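Below is one structure, written out as structure tokens; the observations come after it.
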2 protein chains.
Amino acid sequence: MGRRDECCDMRGMLSFLILFLLSKKAMHGQEIAEELEQRKGIRPSPGTIYPALKALKEAGFIREQKQGKTILYRLTPQGERALKASKERFCKMFVGVYS
Amino acid sequence: MGRRDECCDMRGMLSFLILFLLSKKAMHGQEIAEELEQRKGIRPSPGTIYPALKALKEAGFIREQKQGKTILYRLTPQGERALKASKERFCKMFVGVYS
DNA sequence: ATATACTTATCGGGCATCCGATAAGAAGGC
DNA sequence: GCCTTCTTATCGGATGCCCGATAAGTATAT
């Protein structure tokens, strides 16, 4: 059950968060990692972020766009639909949690 | 990655949700399962809910109170602290997700 | 007491997530 | 070319969440 004052580690939300972040603007991997660091407190390792991106790509939710040294990830229309659906589930699930 | 329009299964939030529900009012197991069913769409099986309750109890976050046939679960002060901390992490993590 | 119905509990296993370490690729400086 | 630096990618492994099936406990009814 993790550290002393934690009831869960909130796994299983990474893809959702990534999709959400990419819906705000297209980003490359390190940018996503940085944003996640601000939100979660710890920076996800490359072994976390890139497999997640790969899975999202294979699901057709994001696509890549080479940009010099880096790769820009952005949502596909299908990814937007998936985010919309997941967001609804999320909101229904956590009604009232926001203080 | 689950069904077609899903980016993640939102696992890893069960303990958090249970703690949150119990902060509203003390409940017994089936009541919790029922509430979770409304929020998630599917009813968690006994094999899901009771191990979770057990872990929360062993962590000192909830305590039991026999009530005839059923057991009433309620938060401990430590559980309230844990919920508060987790809630803060949760809110920081998902700022802006609520449409 | 026996049966029934309901709640609570346990066990084994599957599966996705996540991490650390390591490698591969790409650009720029010398 | 070669070295450095940064980004991207892969692999093995560990964790832990969750489920289905099954068992155990408890009260009520007949």
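All chains are named by letter (A, B, ...) in the order of the sequence lines, taking the proteins before the strands, and each is independently numbered beginning at 1. Keep in mind it's a predicted model, so treat the numbers as computed, not measured.
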Measure the distance from CD on B:Glu34 to P on C:dC6 and round it to the nearest whole Å. 13 Å
Applying side chain to side chain donor-acceptor pair (under 3.5 Å) to B:Tyr73 and not counting sequence neighbours gives none
Among residues two or more places apart or on two chains, list those pairs meeting ring-ring contact (aromatic ring centres under 6.0 Å, His included) that have a residue in residues 6-41 of chain B. B:Phe16-B:Phe90
Integer-rounded Å distance: D:dA9 P and A:Lys57 NZ: 6 Å
Does B:Arg11 contact C:dT17 through a side-chain donor or acceptor facing the base, at a distance under 3.5 Å? no
Set of salt bridge (Lys or Arg N to Asp or Glu O under 4.0 Å) partners for A:Lys25, sequence neighbours left out: A:Glu31
Does any residue of residues 65-76 of chain A have a heavy atom under 4.0 Å from DNA chain C, and if so, which ones, in number order? A:Lys66, A:Gly68, A:Lys69
Rounded distance in Å - CE (B:Met10) to P (D:dC18): 13 Å
Applying side chain to side chain donor-acceptor pair (under 3.5 Å), can you list everything that pairs with A:Glu64, at least two apart in sequence or on another chain? A:Lys57
Rounded to whole Å, the CD1-P distance (A:Ile18 to C:dT17) equals 10 Å
Do A:Thr48 and A:Ser45 come close enough that some side-chain heavy atom pair is under 4.5 Å? yes
Could you pull out all residues at least two apart from B:Gln65 that satisfy side chain to side chain donor-acceptor pair (under 3.5 Å)? B:Arg74
Is there a side-chain contact between B:Leu22 and B:Leu83 (heavy atoms, below 4.5 Å)? no
With A:Glu80, which residues qualify under salt bridge (Lys or Arg N to Asp or Glu O under 4.0 Å), at least two apart? none
Which pairs, with at least one residue in residues 46-55 of chain A and sequence neighbours excluded, count as a salt bridge (Lys or Arg N to Asp or Glu O under 4.0 Å)? none
Not counting sequence neighbours, which residues clear salt bridge (Lys or Arg N to Asp or Glu O under 4.0 Å) with B:Lys92? List them please. none
Under a 4.0 Å heavy-atom cutoff, the residues of residues 26-33 of chain A touching DNA chain D are A:His28, A:Gly29, A:Gln30
Nearest-Å distance, NZ (A:Lys54) to C1' (D:dT7)? 17 Å
May I have the distance from A:Glu64 (atom CD) to D:dT7 (atom C1'), rounded to whole angstrom? 12 Å
From CE of A:Met13 across to C1' of D:dG16 the rounded distance in Å is 16 Å
Between C:dC18 (C1') and A:Leu56 (CG): distance, integer Å: 14 Å
With B for base contact, S for sugar-phosphate-only contact and - for none (protein heavy atoms under 4.0 Å), nucleotides 19-24 of chain C reads BBB---
Return the set of residues passing side chain to side chain contact (heavy atoms under 4.5 Å, CB included) with B:Thr76 (not counting sequence neighbours), or none when no residue passes. B:Arg63, B:Gln78
